[in-house]
Amino acid sequence: MREPLPSTGVAQPTEASPTGGAITLSVVQLDALLQAVRADGCQLVGPTVRDSAIVYGAISGVGDLPAGWTEVQDAGTYRLQRRADDALFGYALGPHAWKQFFFAPRLKLWQATRQGDTFTVSDEQPPPPRLALVGARACELHAIAIQDRVFLHGGFVDPDYAARRDGALVIAVNCGQAGGTCFCVSMQTGPRATRGFDLVLTELLDGGHRFLAESGSDRGAALLGQAGGEPAAAGDRAAADQIVARTAQSMGRAFETAGVKDLLYRSSEHPRWDEVATRCLSCANCTLVCPTCFCSTVEDVTDLTGDHAERWRRWDSCFTQEFSYIHGGPVRASARSRYRQWLTHKLASWIDQFGTSGCVGCGRCITWCPVGIDLTEEIRAIRGTDGAAPQEESR
Ligand code: SF4
Ligand code: SF4
């Protein structure tokens, strides 16, 4: 399953629902399906509860999923909360994006070892595990497609990303509830998964805990063929449609995308950048939780003897001063200029660069900003005072 989404964010996919016949799976049958995926050599990664949050990590089956948990999210706040049922996917999104599994947070690029008067250099990488993503949401499929475009379909192919991405199985889940900071409907990236998956599940809770399962690839169809479920009843299909429709009507945020690119291009001196700079801590949380941000830096380390050196790539952020450091100083020295750079890239120049918005409406940057800066609110403020004169002291 490697087919990229044709467009994301402002330019929108409108493809129909998945192909093939839908079946209904019990929780036990879903676990059997996951075990079959493991037996086929895939490592399962999916949502699980850790450190008071729902995060993505290695799982061994249904038993590791966050049964009966949901979360309450708003700008700068996230709290786990018990549900009244045992829903396995009864939450929206946690702080983790799937990008950690394809675009590694830290990656050793090469190492050099001294041997007498010479040294050897090795850039060999251990083969990455073949992954099966369990529980990817619609907005996240769009985010993966954006990173595919950056790392696989641009001028250069990132070999490590390609190796990790190759052969990955994607089991998506249609969202049964929106988070308090979600706005995928505004970005037309959800809440229904339309492409970019092998299987998609809709969790049904009324009338018995079960899953409507549909395939999105030949690989997914083959898995469903072995899964042992029942052909989906018309009532289950209707119930799944209602769940997604209800989720779409309960978005935590809304965002007006019309004209946002030109709005930002003509607002580089807007006084709102000064106002947001009084709150922004330049902590970089927003970029680290964002499923589409892809910036990195490299650093060299040596041991104390000088006999061994390594070069590492690690995630970086446009919110650090070092990120734009060029012989003597950073190009973006102020928080004002760094926030403006981030938002303008996400919502404007990304479109010129990659043909889509850089935002999929997941809301993570809003939830995980420690001071609750909300990009939907910032754009609303800039739009509401379009053409406002810059303040004298601003820069
Ligand atoms: S900019 Fe914020 S809302 Fe948009 S994709 Fe990134 S983290 Fe999600
Ligand atoms: S906008 Fe919020 S999360 Fe992003 S750097 Fe500023 S304070 Fe940190």
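Excluded from the calculations below are hydrogen atoms, water molecules and symmetry mates; all remaining heavy atoms, backbone and side chain alike, are included.
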Student: Is it true that R311 and D123 make a salt bridge, defined as a side-chain N closer than 4.0 Å to a carboxylate O?
Tutor: no

Student: Taking atom types as modelled, find out whether Q35 and R38 have a side-chain donor-acceptor pair closer than 3.5 angstrom.
Tutor: yes

Student: Which heavy atom of T24 sits nearest a heavy atom of A232, and at what distance?
Tutor: OG1-CA, 3.4 Å

Student: Parallel, tilted or perpendicular: which describes the rings of F89 and F211, with under 30° parallel and over 60° perpendicular?
Tutor: perpendicular

Student: Would you tell me whether S334 and S337 have side-chain atoms, one donor and one acceptor, within less than 3.5 Å of each other?
Tutor: yes

Student: For a salt bridge (charged side-chain N to carboxylate O under 4.0 Å, His left out) check, start with the C-alpha distance between E299 and R106, then their side-chain angles and the critical distance, and finish with the verdict.
Tutor: CA-CA 10 Å; E299 54 190 21; R106 272 176 61 78; 3.5 Å; yes

Student: Write down the atom of A87, the atom of R83, and the distance for their closest heavy-atom approach.
Tutor: CB-NE, 3.4 Å

Student: Could you report the tightest heavy-atom contact between T287 and C293, atom names first, then the distance?
Tutor: O-CB, 3.4 Å

Student: Any chance you could lay out the salt bridge (charged side-chain N to carboxylate O under 4.0 Å, His left out) test for E124 and K108, step after step, and finish with the verdict?
Tutor: CA-CA 9 Å; E124 279 182 28; K108 185 158 67 174; over 6 Å; no

Student: Quick one: which of R149, R165, K99 gives a side chain to side chain contact (heavy atoms under 4.5 Å, CB included) with I144?
Tutor: R165

Student: Take the angle between the ring planes of F294 and F354 and call it parallel below 30°, perpendicular above 60°, tilted in between.
Tutor: perpendicular

Student: Quick check on the hydrophobic clustering: are V27 and V173 connected, directly or via other members, by side-chain heavy-atom contacts under 4.5 Å?
Tutor: yes

Student: Are Y56 and W98 close enough that their ring centers fall under 6.0 Å?
Tutor: yes

Student: In the single-linkage hydrophobic clustering (I, L, V, M, F, W, Y; side-chain heavy atoms under 4.5 Å), do L212 and L30 co-cluster?
Tutor: no

Student: Less than 4.5 Å apart, side chain to side chain, heavy atoms only: is that true for F197 and S217?
Tutor: no

Student: Between the side chain of H96 and the main-chain N/O of G57, is any donor-acceptor distance below 3.5 Å?
Tutor: no

Student: Can a cation-pi geometry be assigned to R164 and F103, taking NZ or CZ under 6.0 Å from the six-membered ring centre and within 45° of the ring axis?
Tutor: no

